[in-house]
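Structure record follows, encoded as structure tokens.
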Amino acid sequence: MAGKTLYDKLWDSHLAHEDADGTCLIYIDRHLVHEVTSPQAFEGLRLANRKPWRADTIVANPDHNTPTKDWAKGIEDPISRLQVETLDSNIKETGALVYFPFKHANQGIIHVIGPENGTTLPGMTVVCGDSHTSTHGAFGALAHGIGTSEVEHVLATQTLIAKKSKRMLVRVDGKLGVGVTAKDVALAVIGKIGTAGGNGFAIEFGGEVIRDLSMEGRMTICNMAIEAGARAGIIAPDEKTAAYLKGRQYAPKPAEWDKAVAYWNTLASDADAVFDSVVVLNGADIAPQVTWGTSPEQVLPVNGLVPDPALEQDATKRTSIENALKYMGLTANTPIEQIKLDKVFIGSCTNSRIEDLRAAAVVAKGKKVADSIQLAMVVPGSGQVKRMAEEEGLDKIFIEAGFEWREPGCSMCLAMNADRLSPGERCASTSNRNFEGRQGQGGRTHLVSPAMAVAAAIAGHFVDVRSL
Amino acid sequence: MKAFTQLTGLACPIDRANIDTDAIIPKQFLKSIKRSGFGPYLFDEWRYKDHGEPGMDCTHRPLNTDFVLNQPRYQGAQIMLARENFGCGSSREHAPWAIEDYGFRVIIAPSYADIFFNNCYKNGMLPIVASHAMVDQLFKACEANVGYTLQVDLPSQTVTLPSGETFSFDIHPTSKHNLLNGLDEIGLTLLHADKIKAFEAKHKSAQPWLFA
């Protein structure tokens with residue numbers, strides 16, 4: 001019999017019940033909650049007169065609606081404010097392991113605060129009413145996004161009705177070149193398999209490049225698994241994972257630490273495990289990536305040319321390219337490096353951790369944002385990231401270069417708060433989605449790494465960060 | 001949850017691949033703490049020429065008459081024809097809420113994003129997976145014939161075209177059962193509460209640090 005993949009092990013260790021027809025109940029260890037996808041779930045629970053099964057699995061925090069400046073003014077939009085206050089009152093009623101209300105010193109993006117407080121651990125199941133829950137797979141947890149009805153189901157039963165996914169291995173061999181980051185690997189993978197390539201799969205990322213990445217880099221890769229269509233991305237835990245977690249507030253206590261680590265060491269795919277699909281990339285072949293269209297799969301190396309729809313044979317793809325070029329205001333065959341920008345956004349659950357800010361600061365140091373850039377902003381992922389960056393003096397580097405240094409939150413990744421693009425504005429963004437209207441109606445988003453975003457801010461157009 | 005058994009309804013073709021949930025219901029409408037009222041804002045940025053905000057009365061907003069949903073021949077449509085990877089991106093259940101609130105009960109597409117696909121069932125909607133060839137055929141026939149109506153029958157898992165041609169579709173037996181009977185999944189799961197508790201006890205002894 002073939003060995004088990006990491007995904008199989010995580011699945012098997014959480015299977016609470018299986019019906020005769022194959023319907024499974026998977027036990028959930030960690031439930032992350034934010035203000036946007038939870039109010040209807042709490043309301044449903046109340047209407048049915050049900051109580052949460054295990055409130056001590058909840059880690060909650062508002063992040064989508066919260067402003068990133070002028071915190072003294074509170075949340076000005078009354079609809080946003082009501083949503084955040086609704087989370088406050090729901091958590092007050094049900095309880096939670098961790099709750100950081102708006103303006104709390106540790107508040108931040110839910111996918112940043114989970115790991116940094118040690119509430120995401122190897123071997124766990126993690127869910128959240130948010131597709132980027134895949135981020136937590138970086139720790140060897142089975143983590144994925146769910147809808148609001150499922151949020152209610154997990155609150156009420158501590159389980160999720162689930163169907164086992166197929167298993168895909170994405171192996172990135174070799175070494176990355178200088179200036180090439182986890183974000184570029186994630187975009188290159190999506191460019192290769194497409195945004196539907198991972199539909200129905202849980203993706204395990206492996207290979208030397210993945211092993212060499214920091215925990216922050218691994219979180220960036222798993223975060224973007226959903227953009228390849230996979231609900232879950234997973235990376236086997238190793239000594240880096242344990243070192244990252246040791247001493248964090250909710251990580252296993254010293255008395256249990258060795259036992260926990262011994263268990264985590266068993267969480268890897270067996271040598272003879274069989275995957276339903278295997279995709280291999282060579283790290284040395286990956287250049288810094290820039291998306292040119294309105295889907296993350298519409299991506300090219302920075303030294304590429306905007307594609308020509310006339311050369312596409314497939315009619316559906318040709319129409320997609322034509323639609324994307326029209327929306328993005330781009331002409332076929334334009335060099336990516338000639339695309340000029342209006343705004344630059346560094347932040348989001350993809351790229352707002354300390355390592356991302358350090359990489360951005362290296363490029364920003366001693367430079368100035370181009371006059372043609374109307375706004376360049378850095379939005380740290382959490383209060384802890386912000387304080388750490390300030391202790392290291394990164395805030396000063398950004399401010400001196402002409403960036404705005406903001407309070408933590410989701411911000412312009414999805415523009416639910418006041419941070420957004422105006423129609424026609426073009427943005428280099430370290431976020432995860434370049435969909436039409438994602439950063440504001442009519443806004444044009446190009447996804448890049450933090451280093452590439454800073455390089456673009458300084459030049460006013462895309463440049464190959466390796467040439468600086 | 002609303003039950004679903006049969007539907008004979010007008011089809012409307014949304015001819016675009018990889019439609020994401022940001023397009024289905026833009027972010028500003030996610031600020032609502034309710035489950036209903038999203039229908040008027042379905043495909044807001046494609047449907048209207050102005051910028052939509054929650055609470056707006058959409059009856060006086062300028063329509064983008066090029067957008068298929070605004071064409072008089074598709075008014076009252078209950079079956080959406082869509083292309084591959086429909087519903088990709090954000091997990092927002094507001095997307096199926098908006099589609100259902102608008103009046104659609106069935107979607108027919110070659111493929112869906114996983115989270116969206118699950119979310120449909122939770123809201124009494126039937127997402128049907130059909131072959132690329134069948135979806136192509138339906139798009140062509142629907143665009144060529146005003147009043148193109150399909151008969152969807154969940155018990156027999158079939159869709160009947162106006163020509164009398166029929167194709168069948170797959171659905172997980174549990175999803176089918178729950179949809180046919182409009183069952184509350186949470187109530188069903190809680191019938192297994194003893195098994196969940198037993199699992200929990202075993203899990204706690206194996207990994208006590210998860211129960212700190």
Side-chain angles (χ1 to χ4, degrees), chain A residues 16-17 19 21 23 25 27 29 36-37 39-40 43 48 50 56 64-65 77 79-80 82-83 86 121 123-124 129-131 145-150 152-153 156-159 161 163 195-196 199-200 229 231 250 252-253 256 260 263 295 316 319-320 323 414-416 433 435-438 441, chain B residues 1 15-18 20-23 26-28 30-35 45-46 51-52 54-55 83-85 88-94 96-97 111-116 118-119 122-123 172-174 184-187 189-190 192-193 195-196 198-200 203 206-212:
Chain A
H17 174 67
D19 267 340
D21 68 5
T23 303
L25 289 178
Y27 188 84
D29 297 311
V36 179
T37 54
Q40 298 87 350
E43 189 195 23
R50 290 176 176 135
D56 67 337
H64 285 57
N65 281 278
D77 176 349
I79 312 177
S80 287
L82 175 63
Q83 197 168 53
T86 302
L121 299 173
M124 267 185 169
D130 193 296
S131 61
I146 56 177
T148 297
S149 295
E150 292 174 314
E152 186 180 337
H153 192 279
T157 72
Q158 212 54 47
T159 64
I161 299 172
K163 200 179 84 182
T195 50
N199 280 1
R231 288 178 84 173
Y250 295 95
K253 299 289 171 272
E256 288 174 328
Y263 176 64
S295 164
T316 305
T319 309
S320 295
N323 286 340
L414 89 165
M416 263 186 90
R433 291 187 174 135
F435 298 154
E436 285 188 19
R438 173 78 179 181
Q441 188 170 10
Chain B
M1 188 179 85
D15 195 2
R16 195 166 164 142
N18 296 308
D20 57 75
T21 53
D22 274 84
K27 82 281 282 150
Q28 63 269 33
L30 274 52
K31 296 176 188 174
S32 169
I33 56 171
K34 298 191 164 63
R35 254 177 208 267
E45 291 184 7
W46 293 344
H51 175 74
R83 295 293 188 182
E84 50 264 72
N85 200 28
C88 62
S90 157
S91 64
R92 60 188 70 169
E93 198 163 317
H94 311 67
W97 292 339
S111 63
Y112 301 84
D114 293 343
I115 302 177
F116 176 84
N118 266 336
N119 283 344
K122 315 284 179 191
N123 293 284
H172 191 280
T174 306
D184 165 25
E185 284 187 339
I186 295 177
T189 297
L190 287 173
H192 300 298
K195 283 184 176 151
I196 299 170
F199 174 86
E200 198 166 50
H203 195 49
Q207 295 182 67
W209 53 88
L210 299 180
F211 292 76

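Given the structure is predicted, the values throughout are model-derived calculations rather than measurements. Because only heavy atoms are used, hydrogens play no part in the values below, and waters and symmetry mates are left out as well, while side chains stay in. Each chain gets a letter, A, B and so on, in the order its sequence line appears, and its residues count up from 1.
Checked against ring-ring contact (aromatic ring centres under 6.0 Å, His included), A/Y250 has no partners two or more places apart in sequence or in another chain. With sequence neighbours excluded, the residues that form a ring-ring contact (aromatic ring centres under 6.0 Å, His included) with B/Y112 are B/F117.
Ranking A/G123, A/A260, A/S320 against chain B, the residue ahead of the rest is A/A260, based on heavy-atom pairs under 4.5 Å. The choice from B/S32, B/G52, B/S111 that makes the most heavy-atom pairs within less than 4.5 Å of chain A is B/S32. When the candidates A/E43, A/K163, A/Q158, A/E150 are compared by the number of heavy-atom contacts under 4.5 Å with chain B, A/E150 comes out ahead. Interface summary for chain A: among B/P173, B/A23, B/S90, the most heavy-atom pairs under 4.5 angstrom belong to B/S90. With respect to chain B, the highest number of heavy-atom pairs below 4.5 Å among A/T86, A/T148, A/L25 belongs to A/T148. Taking B/N119, B/N85, B/N118 one by one and counting their heavy-atom pairs under 4.5 Å with chain A, the maximum is reached by B/N85. Counting heavy-atom pairs under 4.5 Å between each of B/K122, B/H192, B/Q28 and chain A puts B/H192 at the top. No other option in B/L30, B/I33, B/D22 has as many heavy-atom pairs under 4.5 Å with chain A as B/I33. Looking only at heavy-atom pairs under 4.5 Å with chain A, the residue among B/H94, B/E200, B/R16, B/E185 that has the most is B/E200. Your options are A/L82, A/L121, A/D29, and the one with the most heavy-atom pairs under 4.5 Å with chain B is A/D29.
In the displayed structure, A/K253 atom NZ is contacted under 6.0 Å by more than 12 heavy atoms of other residues, nucleotides or ligands.
Interface residue A/A415: backbone and side-chain heavy atoms are both found under 4.5 Å from chain B. Of the atoms belonging to A/T157, heavy atoms from both backbone and side chain fall under 4.5 Å from chain B. Residue B/K195 touches chain A through both its backbone and its side chain, counting heavy-atom pairs closer than 4.5 Å. Neither the backbone nor the side chain of B/D15 comes within less than 4.5 Å of any heavy atom in chain A. Contacts of A/I79 with chain B are made by both backbone and side-chain atoms, with heavy-atom separations under 4.5 Å. Contact of B/H51 with chain A is made through backbone and side chain together, with heavy-atom distances under 4.5 Å. With a threshold of 4.5 angstrom between heavy atoms, A/D56 approaches chain B through side-chain atoms but not through N, CA, C or O. At a 4.5 Å heavy-atom cutoff, B/A198 makes no contact with chain A through either its backbone or its side chain. Both the backbone and the side chain of B/E45 come within less than 4.5 Å of a heavy atom of chain A. Residue B/P208 touches chain A through both its backbone and its side chain, counting heavy-atom pairs closer than 4.5 Å. For A/T319, no part lies near chain B; criterion is any non-hydrogen pair under 4.5 Å. Heavy atoms closer than 4.5 Å to chain B are found in the side chain of A/H17, but not in its backbone.
The shortest non-hydrogen separation linking B/R92 to B/P26 is NH1-C, 4.0 Å.
A/Q40 and B/W97 share no side-chain donor-acceptor pair at under 3.5 Å. If you check the side chains of A/D77 and A/N65, you find no donor sitting under 3.5 Å from an acceptor. Judged by distance alone, the side chains of A/S131 and A/R433 do bring a donor and an acceptor atom under 3.5 Å apart.
Counting only heavy atoms from C-beta outward, the side chains of A/T316 and B/E84 approach each other to under 4.5 Å. The closest side-chain heavy-atom distance from A/T37 to B/E93 is not below 4.5 Å. Side-chain atoms of A/S80 and A/M416, non-hydrogen and from C-beta on, never get closer than 4.5 Å to each other.
Between B/F211 and B/H203, the two ring planes are perpendicular [angle over 60°; tilted spans 30° to 60°].
A donor-acceptor pair under 3.5 Å links the side-chain atoms of B/K27 to the main chain of A/R438, judged by distance alone. Proximity of a side-chain donor or acceptor of B/D114 to a complementary backbone N or O of A/G200 within less than 3.5 Å is detected.
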